[in-house]
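Labels below follow one simple rule: chain letters A, B, ... track the order of the sequence lines, proteins then strands, and each chain is numbered from 1. All values derive from a computational prediction rather than experimental measurement. Worth knowing before you read on, the calculation uses all heavy atoms, side chains too, and leaves out hydrogens, waters and symmetry mates.
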Amino acid sequence: MPELPEVEVVRRGLIPHVTGRTIVATEVLDARTVRRQEGGPTAFSALLDGARIGPLVRRGKFLWWRLLDADGSDAGHALVTHLGMSGQLRVRSPALESVSTAGAAHEGPTSDPLRHRRASLMLDDGTVVDFLDQRLFGGLWLSPLVAAPDGHAAGEGSPDALLPASAAHIARDVLDPATDLPRLARSLRTRRAPIKSLLLAQDLVSGIGNIYADEALWAARAHHDTPGEDLSQVRARRILEACREVMLRALEVGGTSFDALYVNVDGRSGYFARSLAAYGREGLPCPRCSTSIRRVQRQGRSCFSCPRCQRGPRTHAGLPG
DNA sequence: CGGGCCCTGGAT
DNA sequence: ATCCAGGGCCCG
């Protein structure tokens, strides 16, 4: 599942292939992929046609492409991409295409590298960027730029404080130098909701999904059910620092992937999955104390934790887990 | 702030 | 045939 590190890997992978290029055509195979677009896929394609690609910027799990007019001036809007659950951005060059096609013909339809292709952008040098998405939770759209109120760079890779209006409600992420961790920790401590819900709330702190939330809570020896208001400042900070560390570590090895849905921009999977300590490890030993990792459901999502290292507020009470 | 929904395909 | 996976948005 693409969370911050995976999206950052995609951003870095795309940059050399797309920056400075011009979009000469777009193809929308599934109209549902073009979301929140005034005028729908038709307007989407019309506005993108002829646009030049400027900086690629990421905030949390949102990745946007700044666009320039033909004369190099800022177009005032950005191409926003969100990978959702299963989205991928893949780069194809004419030279590689024949290789891929040959491989697919040999191995059958399930290994078709363009399976679940929903949209494509054709660039002026022949490069094609494909958006693949099995579950259709991801999407592409154009959004006008607005200024981030704090005046800092809007996200990783941003030349200025401008960001898409449709991402303006997304908080800065824990890797953003403009994020004030102590202040964020204090704001978590004003909330009654369980800490894991708070870590997943993208309008408080962005980029964290179910996997890294569980990993960070494990690393910080914190229980997912602990209300934010019950955390000390030190403990809240420690959890946020764990979020930062676990995502930096994932970034170093190219992101997480374990169900073959996610691959990076070159089509290769990251391999952080090997070093997951809690997530997806129900019944397996905790790497710290060997107690069996336990899985419980919260708000329809799985939570994996060590019942010994991560003592919670309700270990004896009625809730399952 | 929690629950339901979107959506597909692999597992059971 | 049914369940499960979950990011983000919308609802009450």
Side-chain angles (χ1 to χ4, degrees), chain A residues 1-8 10 28-37 58-64 80-89 108-112 114-119 131-141 143 163-171 173-174 187-217 224-230 243 247 255-263 273 276 278-283 295-304 314 319-320:
Chain A
M1 330 293 161
E3 300 181 24
L4 184 159
E6 290 76 23
V7 180
E8 178 61 16
V10 169
V28 177
L29 293 94
D30 191 315
R32 292 172 293 182
T33 284
V34 178
R35 307 180 174 276
R36 324 185 205 191
Q37 177 69 52
R58 182 194 54 73
R59 175 186 285 210
K61 306 169 197 171
F62 284 76
L63 170 64
W64 64 87
V80 187
T81 64
H82 198 292
L83 302 178
M85 278 287 298
S86 53
Q88 303 171 21
L89 285 165
T110 49
S111 63
D112 180 355
L114 293 184
R115 198 171 177 219
H116 305 306
R117 184 166 69 100
R118 308 300 186 187
F131 180 72
L132 317 184
D133 190 10
Q134 182 213 111
R135 295 180 200 170
L136 290 170
F137 277 22
L140 316 175
W141 64 92
S143 180
L163 78 168
S166 58
H169 62 297
I170 299 299
D173 56 67
V174 288
S187 98
L188 296 182
R189 296 176 58 224
T190 68
R191 310 286 291 251
R192 186 172 300 174
I195 181 61
K196 182 168 175 185
S197 307
L198 299 175
L199 294 180
L200 295 176
Q202 306 294 303
D203 56 346
L204 285 176
V205 54
S206 71
I208 306 167
N210 203 38
I211 297 172
Y212 293 113
D214 277 0
E215 288 302 301
L217 290 168
H224 49 82
D225 284 333
T226 306
E229 62 185 4
D230 289 358
C243 290
M247 293 201 284
T256 302
S257 175
F258 46 79
D259 63 1
L261 282 177
Y262 171 79
V263 279
L276 291 177
Y279 188 86
R281 290 177 39 87
E282 181 180 18
R295 181 173 77 95
V296 296
Q297 291 281 128
R298 291 289 181 271
Q299 296 162 227
R301 265 61 165 171
S302 289
C303 297
F304 296 90
R314 320 179 220 211
L319 275 183

For this session: Provide, to the nearest angstrom, the distance between the CG atom belonging to A:Leu136 and the C1' atom belonging to B:dC5.
Result: 14 Å
Problem set entry | Distance in angstrom units between A:His224 NE2 and B:dG2 P, rounded | 14 Å
Seminar exercise, completed: On DNA chain B, more 5' by nearest nucleotide between A:Ala193 and A:Arg118 is A:Ala193
Exercise. Over how many whole Å does the gap from A:Asp203 atom CG to B:dC1 atom P extend?
Worked result: 10 Å
Exercise. If you take all heavy atoms of A:Asp230 and A:Thr226, which pair is closest and at what distance?
Worked result: CB-CG2, 4.1 Å
Exercise. With side chains defined as the heavy atoms from C-beta onward, is the minimum distance between A:Leu217 and A:Leu199 less than 4.5 Å?
Worked result: yes
Problem set entry | A:Trp141 CH2 to A:Arg35 CZ distance, which is reported to the nearest 0.5 Å | 8.0 Å
Problem set entry | Interatomic distance where CG belongs to A:Leu83 and P belongs to B:dT8 [whole Å] | 18 Å
Problem set entry | Rounded distance (nearest 0.5 Å) linking atom CZ of A:Arg32 with atom CZ of A:Phe137 | 11.5 Å
Exercise. For A:Gln202 and B:dC1, what is the distance between atoms CD and P respectively, to the nearest whole Å?
Worked result: 16 Å
Problem set entry | A:Asp225 CG - B:dG2 P separation (whole Å) | 10 Å
For this session: For the pair A:Gln202 (side chain) and A:Leu200 (backbone), establish whether a donor and an acceptor sit closer than 3.5 Å, ignoring hydrogens and angles.
Result: yes
For this session: May I have the distance from A:Leu204 (atom CG) to B:dG2 (atom P), rounded to whole angstrom?
Result: 12 Å
Exercise. Could you give the start and end, 5' to 3', of the contact zone on DNA chain C for chain A, using atoms under 4.0 Å from its heavy atoms?
Worked result: C:dA5 to C:dC9
For this session: Could you state the atom-to-atom distance from CZ of A:Arg135 to C1' of B:dT8 in whole Å?
Result: 7 Å
Exercise. Contact class for A:Arg36 (heavy atom, under 4.0 Å): base, sugar-phosphate, or nothing?
Worked result: sugar-phosphate
Exercise. Where the side chain of A:Gln37 meets the backbone of A:Ser143, is there a donor-acceptor pair that is under 3.5 Å apart?
Worked result: no
For this session: Look at the side-chain N and O atoms of A:Gln299 and state whether any lies under 4.0 Å from the OP1 or OP2 oxygen of B:dG2.
Result: yes
Problem set entry | B:dC6 OP1/OP2 closer than 4.0 Å to side-chain N/O of A:Arg32 | no
For this session: Output yes when at least one side-chain N/O atom of A:His116 is less than 4.0 Å from OP1 or OP2 of B:dC7, else no.
Result: no
Exercise. Taking A:Asn210 as the fixed residue, which of A:Glu215, A:Arg301, A:Glu3, A:Lys196 is the one that meets the side chain to side chain donor-acceptor pair (under 3.5 Å) rule?
Worked result: A:Lys196
